[in-house]
Amino acid sequence: MRIYNTMTRKKEELVPVTPGEVKIYACGPTVYNFFHIGNARPFIVFDTLRRYLEYRGYKVSFVQNFTDIDDKMINRANEEGITVKELADRYIEEYYKDADALGIERATVNPRATENVQEIIELITTLIEKGHAYATEDGDVYYDTHSFAGYGKLSGQPLDDLEAGARIEVGEKKRSPSDFALWKAAKPGEPFWDSPWGEGRPGWHIECSAMSMKYLGKTFDIHAGGMDLIFPHHENEIAQSEGATGQTFAKYWMHNGYINVDNKKMSKSEGNFFMVREISKEYDLEAVRLFMLSAQYRNPVNFSRELIEQAKSSLERLKNAKDRIEDAAKNGVDGEVDPEFAELLKKHSQAFIDAMDDDLNTADALSVLFELIRETNIRFADPRPKKEAEAALKLLNELTGVLGILGKKDSIPQEILEKAEERQSARKAKDWKRADALRDEIAAAGYAVEDTPNGPKVKKA
RNA sequence: GGCGCCAUAGCCAAGCGGUAAGGCAGAGGACUGCAAAUCCUUCAUCCCCGGUCCGAUUCCGGGUGGCGCCUCCA
């Protein structure tokens, strides 16, 4: 598989540190609120990466952190009159609800910053020993960016240029404007931990270095996140980790593009964002997942209600095709798989892999899926061997499984099924008025009946 | 000022040197009691100007128009 590495700005062949295993660290959410669909993109994209690598036979360790201590956490907890821990617990729970609905598999580990403070302190200690960090009199610790020769290598910005644009803060205790906090001395009313520099809490960047190396080792394969994390977050992680170990931190850096609204970046600070939770009230989040995968992950995509509608329609087509194949598997005739059909399945399977191998080109992979279902739609319109349908279903399930869609079945309420049966009786009696009235009733309840050669099918509208 | 991305049909989106995948929407047709689903047909020469090449949407240069990072942010 080839992936675009932000570090080299080229697509590179993925060669894992340990053959057969891929270790991935993805920056997770700060759990002070529900997450918005801009946050959802990396979750979905890198979940898909993980699923794909597993599909290709790799053992994948996927670590995604929860930032559960920082300024936003503290402010929000204060506003709500609860502790930072209570706030974190609440929104971690809410995170899982939305993530589950988006088809995001649970990470191998979801470490929390506050549960790894010891590791963080150890890492900071090492950095001070190695001359990469310094403590101030009042108990802050900063990273000395000038001490790390590679600073700026990920963002492609020389330190001087970065500093030229940096904001100089009032009351600066840092030696250089580009230095950043590793440890912040406790302020009254804030959660704190004991440390060699006094009571305080970790800075934002250090947690990811500490947790990624704790769970994945000094050098791991892929570090992923949104493009806006390239600078300063990931640049700082590199400085911290490589400064401490002297080894390469992550071999590949993957960054997803933004979700825009009206062509402008969606962000909490802009206020033009949509919460996943809000969207879920109106749409099945599976459609949101498909929408996210309909473009290559590095390109920016605009978000709009119309596009979710489009994705929903596409998803419908996929679901219908799957239903058709499942029926064919149930009602199929005896006989062996036509070799030509077996060949066709193989061809599509390979095309899908080729697309995904090319830097996770889900848009192209999706087109393979649609080409496949056109073939199966044609083929299973007439009775075919059960074994053919089973083979097709197996492939379809594999591919949709990689994309994380079509994983669940809609359940149809008993009374709707009864209405459908009643309608079928009416149809047999050629009582079209009665049949149509029942169909309208079913539609009003949010379901649809379709008459197929194998009898009426009821599905969610 | 530094670094970087993007521009393909009504909408979304692949392709990135050999004459434009796929989806949504639309139109016509087949099938259907009528529908729905499905199938068939139909729907673009790829922002502009130069250059390289036998050949460019695809490479190079220059425009124009969008966007991002350099400050918390996926």
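The sequence lines fix the lettering, A, B, ..., with proteins before strands; numbering per chain opens at 1.
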Please determine, for B:rG1, whether a Watson-Crick or G-U wobble partner exists with both distances under 3.5 Å, and give it or none. B:rC70
Taking side-chain contact (heavy atoms from CB on, under 4.5 Å) as the definition, give me every residue that meets it alongside A:Asp359, ordered by chain and number, with sequence neighbours left out. A:Ile3, A:Tyr4, A:Lys11, A:Met254, A:Gln296, A:Tyr297, A:Arg298
Quick one: is the NZ or CZ of A:Arg317 closer than 6.0 Å to the six-membered ring centre of A:Phe370, and within 45° of its axis? no
Phosphate OP1/OP2 of B:rC67: any A:Lys264 side-chain N/O under 4.0 Å: yes
Should B:rA30 form a Watson-Crick or G-U wobble pair with both distances under 3.5 Å, which nucleotide is its partner? B:rU38
Whole-Å gap separating P (B:rC73) and CD1 (A:Ile230): 13 Å
With a non-hydrogen cut-off below 4.0 angstrom, is A:Phe35 in contact with a base, only sugar-phosphate, or nothing? nothing
Presence of A:Asn361 side-chain N/O under 4.0 Å of B:rA21 phosphate oxygens OP1/OP2: no
Pi stacking test for A:Phe370 and B:rG22: under 5.5 Å apart, planes under 30°: no
Rounding to a whole Å, what distance do you find between A:Asp436:CG and B:rU32:C1'? 12 Å
Using ring centroids (six-membered ring only for Trp), state whether A:Tyr25 and A:His223 fall under 6.0 Å. yes
Single hit among A:Lys408, A:Lys312, A:Lys460 for salt bridge (Lys or Arg N to Asp or Glu O under 4.0 Å) with A:Asp284: A:Lys408
Using both distances under 3.5 Å as the test, list the Watson-Crick or G-U wobble partner of B:rC24, or none. B:rG10
Tell me: CZ of A:Phe180 to P of B:rC70, nearest whole Å? 15 Å
Contact class for A:Arg379 (heavy atom, under 4.0 Å): base, sugar-phosphate, or nothing? nothing
Classify the nucleic acid contact of A:Leu229 as base, sugar-phosphate or nothing, counting any heavy atom under 4.0 Å across all strands shown. sugar-phosphate
Does A:Asn377 make a side-chain N or O approach to OP1 or OP2 of B:rU38 shorter than 4.0 Å? no
Between B:rC39 and A:Arg317, is there an OP1 or OP2 to side-chain N/O distance shorter than 4.0 Å? yes
With a cut-off of less than 4.0 Å, is there a side-chain N or O of A:Lys265 near OP1 or OP2 of B:rC69? yes
Below 4.0 angstrom from OP1 or OP2 of B:rC73, is there any side-chain N or O of A:Trp204? yes
Please classify the nucleic acid contact of A:Lys72 as base, sugar-phosphate, or nothing, using heavy-atom distances under 4.0 Å. sugar-phosphate
Verify the neighbour count for atom CD of A:Glu340: are there more than 12 heavy atoms of other residues, nucleotides or ligands below 6.0 Å? no
